[in-house]
Amino acid sequence: MADVQTTNQSILVVGGGISGITTALEAAEAGYDVVLLEKNPYLGGRVTQLHQYFPKLCPPSCGLEINFKRLKANPRIRFFTMAEVAGISGKEGDYDVKVKISPRYVNEKCTGCGKCAEACTAEVDNPFNYGMDKIKAAYLPHGFAFPMRYVLDPSIVGTDDGKKCKDACQYDAIDLDMKETSFDLKAGAIVWATGWNPYDAAKVEYYGFGENKNVITNVMMERMASMNGPTGGKIVRPSDGKEIKNIAFIQCAGSRDENHLAYCSGICCVASLKQTRYIREQYPDCEVTVFFIDIRALDRLEDFYTMVKEDQKVKFIKSKIATITEDGATGNLVLEGENTNTGEQIKATFDMVVLATGMAPNSIKSVCSADVSCDEYGFIANDPAKAGIYGAGCARRPTDVASSVQDATSSALRAIQSIARR
Amino acid sequence: MDKNIGIYICTGCGIGDMLDCDPIAEMASDEYSVSICKNHPFLCGAEGVDLIKKDIEGEGVNTIIIAACSPRVNYDVFDFGQDKIIERVNFREHVAWSQAEKDENTQMLAEDYIKMACAKIGRTDLPEPFKAEEEYSKDILVVGGGVAGMTAALETAKAGYNAILVEKDPKLGGFLAKMKKNVTLPYKDISDTGAEAMIKAVSDNPKIKVYTSAAVEKISGGPGIFSVEIKANGNSATERAGAIVQATGWVPYDANKLGHLGYGKFKNVITNVEMEEMAAAGKITRPSDGKDVKNVLFIQCAGSRDPEHLPYCSSSCCLVSMKQATYVKEQNPEAVNYILYKDIRTVGQSEDFYRKAQMDGNVFIRGSVEEVGESGGNLYVSANDELLGEKIKIEELDLVVLAVGMVPRSLPAEIPKIKAPSDSKEADADGMIEVKPDSGFFATSALNLAYRQGPELPTLKYGFPDSHFICFPYETRRTGIYSAGCIRRPMEVGKAKDDATGAAMKAIQCIEATSIGMAVHPRAGDISYPEFNMSRCTQCKRCTEECPFGAINEDEKGNPLPSPTRCRRCGTCMGACPERIISFKNYSVGMIGDMLKAVSVPEEDEEKPRVIVFVCENDAYPAVDMAGIKKMNWSPYVRFVPVRCLGSIALVWVADALARGIDGLLFMGCRHGDDYQCHFVKGSELANTRLSKVSETLDRLSLESDRVKFIEVGITDCDKVPAIISEFMETIESVGPNPYKGW
Amino acid sequence: MAGNYDPSFAKEVFDNVDSGEEIKMCMQCGICAGSCPLRHEMDYPPRQIFTLIRAGRRDEVMNSKAIKLCTSCYRCKVRCPRGIPVIDVMHGLAHYGIKKGIIPRKGTAAFGGEFWKMIYNIGRIDEKTLPLKYNLLEGLVPGIKSTIEMAPMGIQMFLHHRMKLLPERKIKGIKELRKMLDKAKEMGKGGAN
Amino acid sequence: MKYFLYGGCSLEAGGKNYMVSLEPVCKALGMEFEEIEDWNCCGASISYAGANELSIMTLNARNIAIAESTGGYDIVAPCSSCYIQLVKTNHELKEDAELRNKINVILKEGNLNFKGSLNVRHLMDVLYNDGGIDKIKSTAVRPLKGLKVAGYVGCQTVRPYGEYDSVERPKVHDLLLKAIGADPVPFPKKMQCCGSGIFLTELDRCLGLVKEILDDAIANGAQLISTVCPMCALNLEMYQDKVNAKFGTNFNMPVVYLTQLMAVAFGMDLKKEAALDYCVIPPEGIIKAAIGG
């Protein structure tokens with residue numbers, strides 16, 4: 001890692017999701033040197049875990065493939081996976097950044113042949129599928145993983161399994177002695193594109209996420225619908241693998257709620273609308289109910305809402321559901337709340353419930369001693385008086401992919417300006 | 001260049017277990033006179049790479065065939081410099097990992113892939129970047145001097161580039177300058193618009209040249225070499241520009257169409273734009289009598305989200321009405337604002353402003369208007385209050401403000417018509433047909449491009465020249481011309497500024513790439529470009545019609561006039577040309593044709609059919625790779641041929657292949673239709689259209705049409721790939737062997 | 001027939017009802033009603049009460065059962081996404097209704113009134129005499145009847161040492177407490193009357 | 001550890017068994033109590049019918065102010081109704097300077113001043129966080145092995161701020177029951193309101209609430225119900241006859257205070273300290289069976 005030559009003409013992009021990749025590419029394709037850091041073992045971030053984008057219902061890997069191709073073709077970008085920022089100091093045009101690299105236990109000799117996974121017997125919760133299934137402790141994070149290189153879970157280092165993996169590798173790619181390393185780099189501008197985490201649904205306690213087995217979150221639904229998800233793309237009840245006849249979506253499960261996320265997460269309405277399509281495509285007879293406060297489908301996304309509303313099997317009820325109770329015998333879920341259009345009290349049974357949980361930003365504050373402003377929610381404020389560090393995408397505001405990419409593109413120019421000013 | 005070929009076969013990752021390398025080397029030596037053919041158990045390892053490097057240095061190898069893993073991996077390891085021709089043969093994913101057993105068929109498959117690679121490099125030259133004769137301009141033309149346009153110009157200047165700003169009005173500022181206040185991040189309160197400061201910053205900036213009371217009369221050329229004719233205050237000027245940002249903004253939806261809401265009937269029914277102008281001018285009063293206002297009702301979605309008017313949501317009207325309610329309260333704290341809405345759409349942190357508006361005591365009513373009327377000189381509104389579950393009436397209203405939506409300024413008042421093609425069924429009595437929004441002839445005058453495919457940016461459904469792509473919001477159908485702000489999509493001021501900054505980024509990037517002969521997205525960095533052998537041109541105009549990016553003009557005679565800086569290198573023109581006169585240095589009809597010829601076709605009695613599968617290299621190819629990674633199996637009789645885009649396929653390939661005894665051809669392309677996924681817009685659709693016309697050829701050859709099939713394959717369809725292949729193989733089996741085998 | 005919107009009642013509530021102005025923040029999600037243990041007993045769910053206030057329906061609000069039915073479980077308050085202390089609003093409305101004489105001093109209103117009187121008089125609650133006083137408010141005969149109905153419970157409590165034999169005495173600082181409470185009444189929202 | 005104890009009106013009467021048992025139990029855990037001098041009623045949930053918010057707040061501010069003037073310990077309220085009134089007043093006065101000023105104008109009438117220097121805590125909070133599970137376990141020399149208890153938390157016990165336990169899915173009560181060897185049963189209705197202060201006046205409506213709670217306890221196999229609030233204890237225990245009469249049910253479920261169970265587990269006298277004879281529906285038989293006596 002010592003060969004990372006950077007200067008105050010370099011742009012550092014933190015976060016290798018769709019926003020970070022975009023910022024890096026846009027700047028590099030205009031002729032600037034970029035270092036891109038990603039904490040996961042692969043690039044692509046949260047969108048790699050989505051089944052399809054709204055409103056086109058197209059797969060995220062399609063655009064990622066193009067972006068990876070651009071990245072492969074561009075020598076100005078250097079990227080590091082399993083890398084996190086440990087500290088930022090300095091000022092616009094002259095930042096010092098400490099980068100921490102977690103051990104992957106697999107070096108660059110890995111060909112992706114998969115022999116280590118074949119040899120490994122231990123299994124761990126699959127983080128890519130939000131723990132809904134298990135994966136070998138020597139694993140390729142997912143089929144489209146870029147770079148296509150295996151990872152060893154730290155739990156098998158120092159065990160028989162670790163040794164089995166090492167022995168199985170014909171290319172000497174397994175390095176069980178790998179340690180966390182760090183290196184320093186310089187940057188003239190920093191774009192913080194660390195994206196978001198799904199808000200912890202268990203915190204919205206009255207929905208019983210974690211206890212009620214058939215209550216899942218919207219991000220879990222994405223994995224379930226996905227071909228490379230835990231169920232091979234088939235949407236079924238987690239408790240018993242049964243098909244779905246009657247499903248509910250609960251909007252604002254944490255968002256627009258001063259007890260949780262006071263802001264609106266911006267995307268959950270259309271995300272749920274999209275997920276109603278997943279359901280309806282798999283189950284021509286399934287009843288779908290969307291419980292909402294306001295449906296927020298901006299600009300042309302309204303067309304998508306209109307299209308979903310035309311589906312007679314999809315009902316919309318204005319209500320913030322108050323309670324979910326699990327029927328122990330069937331695993332069915334009883335939802336209670338008020339239909340605020342009619343004033344009636346709802347008591348309805350569903351076989352599965354999807355919580356539209358919101359976006360919580362991965363904030364910069366904990367690692368940055370340089371001057372940067374965040375709003376009260378932890379989103380970067382992009383204060384013009386504090387140029388040099390710029391938030392992009394969901395690190396700046398909760399928003400959808402198209403807007404994130406738009407924002408990431410503008411961040412690339414802001415970073416270039418920071419360098420041009422010096 | 002004199003090609004000195006080296007073939008390097010990796011036997012790692014299970015390849016060696018499935019193939020015998022020696023016969024491959026023998027074949028290469030015999031048939032293609034390749035003298036260097038080596039194998040290595042770990043070619044991507046340091047030793048393997050060294051092996052190749054030594055041959056480059058020692059033996060002068062400059063054309064390298066690497067038969068190993070997919071070209072999608074180890075791209076950096078097998079990069080031996082721009083001056084080498086590198087051809088990757090996918091022995092791992094497409095052979096070793098996806099074939100059932102080591103047998104004669106697998107061996108023949110591998111040998112065919114080597115033959116195809118040899119044939120391909122035989123027709124490959126190192127591309128040289130295009131360089132226009134004129135000097136490249138690095139200035140950016142910004143059309144529209146509102147908030148988006150001013151931002152684009154300022155951000156361009158801040159990055160060190162010059163901008164030329166053209167504004168139709170005598171004064172810069174657009175709607176921003178007409179606003180009293182703004183609402184933006186952090187959405188806690190209303191704030192100054194900053195319009196005057198921005199106008200001053202633009203006017204004072206030495207890097208920005210401003211034309212007011214001006215219009216763009218004509219733009220010709222292409223990225224790096226645009227020539228712009230501007231008419232300003234009656235004078236004409238010509239500027240040169242490298243890229244263009246179109247930020248021509250929006251107009252409010254015509255409230256005269258909202259008679260049912262009382263507009264035009266009652267003086268005190270006004271639009272949100274009129275409200276803003278009144279507030280900015282000073283005091284908000286009743287237009288009817290100039291008296292003070294106390295009770296104001298805002299009707300949200302006045303026209304928006306209405307299939308009769310604007311089916312889409314105009315995004316910013318909720319915030320705008322809340323802002324204007326604040327004006328009313330500031331003027332008279334006792335005033336009452338009613339906001340009649342469908343859904344409150346304050347996304348992200350702007351929910352905070354909704355909270356503020358509630359805190360201020362504004363009355364939000366979810367429901368729909370039944371009637372706007374007048375009684376005793378005041379307005380009343382009857383509505384259906386959804387949450388009260390009743391019909392309500394709000395009386396004594398001084399003002400009713402219609403929150404009208406945004407319409408792209410370039411939306412034509414009436415859909416223009418052009419002469420219909422002779423075979424059109426939709427033509428009217430005069431033989432005319434309505435122009436579709438995605439045509440360059442749809443939008444009204446903003447750029448006046450001297451392009452064969454129309455003077456304006458093609459638009460989406462409602463007239464917004466936005467990107468069709470989620471991942472690539474700055475994707476444009478006219479290279480080097482980017483739209484920004486509300487012309488693109490309804491958006492609030494803060495977002496328009498971000499958007500304009502992004503557009504400036506893309507414009508700068510396009511200029512930089514163009515100046516060194518590189519393509520922009522999606523083939524960013526590609527330096528190859530199509531060359532036209534004009535002597536054989538028959539002026540059929542197919543290339544000029546089909547280019548998705550309007551890169552080819554034509555002269556009066558119908559000869560194509562390619563503009564390489566506008567070109568995106570998809571090869572659609574190459575596929576369109578029946579005379580095969582268009583080719584790239586490293587991609588041509590002849591090249592693929594030779595690859596097809598290289599496939600060995602066994603005799604009929606061997607019962608080994610041969611099928612060619614053309615795959616889009618962005619989507620279908622990775623899907624096939626993925627199927628290989630998952631160790632799924634498919635027939636050893638298929639040969640994959642990656643293409644830049646299915647739009648580049650030439651029908652002659654079908655004819656040639658079938659004539660040689662190939663039993664079938666399968667085309668795997670992206671989804672087309674309204675939600676098309678083709679990154680070159682129409683490639684996959686064009687391929688499908690072309691193939692539908694192939695039946696003539698098949699008839700001429702007395703062949704079954706089942707032998708040629710187009711199928712949509714998305715990048716995540718890897719699980720379907722083997723089934724698609726099996727099904728096609730069954731079809732081929734049922735129609736029997738191609739009778740032309742052995743001719 | 002369309003009901004007319006009248007903002008004057010909302011203003012009355014904002015100015016006079018404890019926590020009344022908080023209802024401005026309601027976005028009509030309905031979680032308050034869904035969370036209420038007596039939701040099936042209420043004529044109007046809380047958020048509907050808020051809508052009625054905004055519409056100016058004074059009679060419907062002040063005569064509603066809903067504002068008298070709060071068990072004070074606080075679930076609506078802890079869950080309200082807009083941080084509205086729904087329970088405090090409901091209490092405030094009930095208090096206001098009683099104060100204005102709109103809500104008759106029966107049932108909870110009467111009981112609460114007696115409860116408060118006792119606090120004002122002695123500073124504490126005497127669990128033994130409070131129900132008696134409440135029952136007697138209904139009139140002598142029904143009062144005695146109710147008291148007799150309650151008697152077995154009282155006897156049980158008594159037998160199990162859970163009833164104080166002596167009447168509760170005034171706290172020492174009762175004079176000062178009364179002065180404070182008088183002041184609080186005066187300084188409270190909407191004033192003493 | 002020393003605390004102010006605010007027992008409130010109920011603990012002197014209907015909730016006497018709570019007071020009798022909590023004192024020796026807390027002492028065994030090393031806690032010492034000082035009564036707030038000349039305390040007054042908290043106002044409970046029902047005073048709103050007779051007084052405005054500020055008046056009710058005044059009641060509680062006076063109690064806190066008296067405590068502040070006499071010592072620096074946390075105020076412990078065993079009664080959930082008292083707890084919520086005190087904690088709310090304390091919290092709001094600490095947060096809101098304007099309100100604090102107002103209250104201090106009022107308190108001045110009695111020469112008192114609210115400073116905001118103390119914490120108000122529920123007894124359960126103190127048992128769990130200061131007593132501690134380990135200490136309780138080791139003190140429980142006579143664990144209530146296998147006693148199936150429905151740990152009824154009630155609504156006000158943890159609300160509105162959830163300072164020591166979740167306002168929706170509290171765990172502390174069950175953990176304390178476990179610590180004394182009992183077996184807390186799953187009890188989804190553990191947070192359902194029992195009707196609290198409007199019980200008497202809305203009897204018909206509230207009996208239904210009690211029935212649901214009792215049904216849930218029985219369905220989950222509970223032998224008795226444990227509570228930490230005199231209002232809950234009263235409503236759940238004393239009205240079982242009326243529930244039976246109204247719904248034709250046959251409930252006879254003992255209701256005890258958690259501290260009574262703790263006293264038993266701590267090896268204390270079943271009458272004198274655990275006050276089991278104070279219960280109207282006798283729990284002795286069930287409890288004795290559990291401790292093998």
Side-chain angles (χ1 to χ4, degrees), chain A residues 18 26 29-31 53 56-63 65-67 70 72-74 109 111-113 143-144 148 170-171 227 256 262-264 266 294-300 302-303 306 340-343 375 377 379 381 397-399 401-402 405-407 409-410 412-414 416-417 420, chain B residues 12-14 42 44-45 69 73 75-76 155 158-160 185-186 305 311-313 315 343-349 351-352 386-387 389 461-462 469-474 489-490 498-499 501-502 504-506 508-509 512-513 522 524-525 618-619 622 626 629-630 675 677 679 714-716 719:
Chain A
I18 189 73
E26 302 303 351
E29 286 177 6
Y53 286 147
K56 277 176 68 184
L57 300 177
C58 55
S61 41
C62 168
E65 179 74 14
I66 289 222
N67 280 333
R70 288 166 71 187
K72 290 170 192 175
N74 201 310
K109 292 178 192 163
T111 66
C113 74
F144 266 107
M148 187 181 160
Q170 299 164 19
Y171 308 107
M227 292 287 271
R256 299 184 70 190
Y263 51 86
C264 158
D294 291 284
I295 292 288
R296 296 184 162 176
L298 293 191
D299 55 68
R300 289 187 309 275
E302 178 74 11
D303 286 351
T306 305
T340 61
N341 265 16
T342 62
D375 68 14
Y377 310 119
F379 294 103
R397 55 155 67 99
T399 194
V401 172
V405 174
Q406 209 175 316
D407 195 39
T409 308
S410 64
L413 187 64
R414 293 191 178 106
I416 287 170
Q417 291 165 350
Chain B
C13 288
F42 184 21
C44 63
C69 42
V73 295
Y75 55 92
D76 45 353
E155 298 296 323
K158 273 194 231 169
L185 278 166
R305 301 182 63 191
Y312 53 88
C313 159
S315 298
D343 289 283
I344 291 293
R345 292 183 162 175
T346 44
V347 298
Q349 294 98 320
E351 181 77 3
D352 286 355
E386 258 187 48
L387 300 172
K461 207 161 148 189
Y462 302 117
F469 298 96
I470 293 153
C471 318
F472 306 109
Y474 290 104
R489 185 189 303 166
D498 287 343
D499 191 35
T501 309
M505 172 75 251
K506 294 303 287 186
I508 290 169
Q509 188 188 76
E512 291 299 338
N618 184 61
D619 287 74
M626 272 302 298
I629 290 168
K630 289 185 156 191
D675 285 328
Q677 266 173 256
H679 287 271
I715 192 161
T716 47
D719 288 347

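What you see below is based on every heavy atom in this structure, not just the backbone, and it leaves out hydrogens, waters and symmetry mates. Sequence lines set the chain letters: A, B, ... in the order given, protein chains first and strands last, and positions in each chain run from 1. Please read all numbers here as calculations on a predicted model, not as lab measurements.
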Query raised in the report: What are the two closest non-hydrogen atoms of Glu29(A) and Ala524(B), and how far apart are they?
Result: OE2-CB, 3.2 Å
Requested in this report: Could you look at Pro522(B) and say if it's the side chain, the backbone, both or neither that has a heavy atom under 4.5 Å from chain A?
Outcome: both
Query raised in the report: Of all of Asp719(B), Val347(B), Ile715(B), Asp76(B), which one pairs up most often with chain A through heavy atoms under 4.5 Å apart?
Result: Ile715(B)
Query raised in the report: Sub-3.5 Å donor-acceptor pair from the side chain of Tyr171(A) to the main-chain atoms of Cys13(B), do we have one?
Result: yes
Query raised in the report: Can you find a pair of side-chain heavy atoms, one from Met505(B) and one from Ile416(A), that are under 4.5 Å apart?
Result: yes
Query raised in the report: Considering all heavy atoms of both residues, which atom of Pro622(B) and which atom of Phe144(A) are nearest to each other, and what is their separation?
Result: CB-CE2, 4.1 Å
**Report entry** Passing option when Cys62(A) is tested against Ile470(B), Thr716(B), Asp619(B) for side-chain contact (heavy atoms from CB on, under 4.5 Å)
**Finding:** Asp619(B)
Query raised in the report: Taking atom types as modelled, is there a side-chain donor on Glu65(A) or Asn618(B) under 3.5 Å from an acceptor on the other?
Result: no
Report task. May I ask you to name which of Gly348(B), Gly502(B), Ala504(B) has the most heavy-atom pairs under 4.5 Å with chain A? Result -> Gly348(B)
Query raised in the report: Any idea which heavy atoms bring Ala420(A) and Ala159(B) closest together, and the distance?
Result: CB-O, 4.2 Å
Requested in this report: Specify which of Arg70(A), Arg256(A), Gln170(A) makes the most heavy-atom pairs with chain B at under 4.5 Å.
Outcome: Arg256(A)
Report task. Would you check, one step at a time, whether the test side-chain contact (heavy atoms from CB on, under 4.5 Å) holds for Phe379(A) with Leu185(B)? Result -> CA-CA 11 Å; Phe379(A) 294 103; Leu185(B) 278 166; over 6 Å; no
Report task. Side-chain contact test, heavy atoms from C-beta onward, threshold under 4.5 Å: evaluate it for Asp675(B) versus Cys58(A) and give yes or no. Result -> no
Query raised in the report: Does Val405(A) reach the side chain of Phe469(B), with side-chain heavy atoms less than 4.5 Å apart?
Result: no
Report summary line: Note: Leu413(A) and Ile508(B) closest approach over all heavy atoms is CD1-CD1, 3.6 Å
Requested in this report: Please flag which part of Leu387(B) lies under 4.5 Å from any non-hydrogen atom of chain A: side chain, backbone, both or neither.
Outcome: both
Query raised in the report: Just by modelled atom types, is the Asp407(A) backbone N or O under 3.5 Å from a matching donor or acceptor in the Asp498(B) side chain?
Result: no
Requested in this report: Provide the closest heavy-atom pair for Thr111(A) versus Cys44(B) in the form atom of the first, atom of the second, distance.
Outcome: CG2-SG, 3.7 Å
Query raised in the report: Judged by atom type as modelled, is there a donor-acceptor pair below 3.5 Å linking the side chain of Arg296(A) to the main-chain atoms of Ile344(B)?
Result: yes
Report task. Flag the one option from Leu57(A), Val401(A), Asn341(A) with the top tally of heavy-atom pairs under 4.5 Å to chain B. Result -> Asn341(A)
Query raised in the report: Under a 4.5 Å heavy-atom cutoff, which of Pro60(A), Ala297(A), Ala381(A) has the most pairs with chain B?
Result: Ala297(A)
Requested in this report: Decide yes or no for Met227(A) and Met626(B): does some side-chain heavy atom of the first lie under 4.5 Å from some side-chain heavy atom of the second?
Outcome: no
**Report entry** Top of Glu512(B), Arg305(B), Lys506(B) for chain A proximity - count of heavy-atom pairs under 4.5 angstrom
**Finding:** Arg305(B)
Query raised in the report: Mind checking what makes side-chain hydrogen bond (donor to acceptor under 3.5 Å, both in side chains) contact with Gln417(A), not counting sequence neighbours?
Result: Glu155(B)
Query raised in the report: To the nearest 0.5 Å, what is the distance between CD1 (Ile629(B)) and SG (Cys113(A))?
Result: 12.0 Å
Query raised in the report: Quick one: of Ala73(A), Pro59(A), Gly112(A), Ser410(A), who has the most non-hydrogen atom pairs under 4.5 Å with chain B?
Result: Ser410(A)
Query raised in the report: Any side-chain heavy-atom pair from Cys471(B) and Tyr53(A) closer than 4.5 angstrom?
Result: yes
Report summary line: dist Tyr263(A):OH -> Gln349(B):CD (nearest 0.5 Å) comes out at 8.0 Å
Query raised in the report: chain A heavy atoms under 4.5 Å from Asp499(B): which part of the residue, side chain, backbone, both or neither?
Result: both
Query raised in the report: Among Ala262(A), Ala412(A), Gly266(A), who wins on heavy-atom pairs under 4.5 Å with chain B?
Result: Ala262(A)
Query raised in the report: Where do Arg345(B) and Glu302(A) come nearest, in terms of heavy atoms and distance?
Result: NH1-OE1, 2.7 Å
Query raised in the report: How would you list, by chain and number, every residue that makes a side chain to side chain contact (heavy atoms under 4.5 Å, CB included) with Pro490(B), sequence neighbours excluded?
Result: Asp299(A), Tyr312(B), Ser314(B), Ser315(B), Met406(B), Phe464(B)
Query raised in the report: Is any side-chain heavy atom of Asp303(A) less than 4.5 Å from a side-chain heavy atom of Pro311(B)?
Result: yes
Report summary line: Counting heavy-atom pairs under 4.5 angstrom with chain B, the leader among Met148(A), Arg397(A), Gln406(A) is Gln406(A)
Query raised in the report: Any side-chain heavy-atom pair from Lys109(A) and Phe42(B) closer than 4.5 angstrom?
Result: yes
Report task. Would you confirm whether Gln509(B), through its side chain, and Glu26(A), through its main-chain N or O, come within 3.5 Å as a donor-acceptor pair? Result -> yes
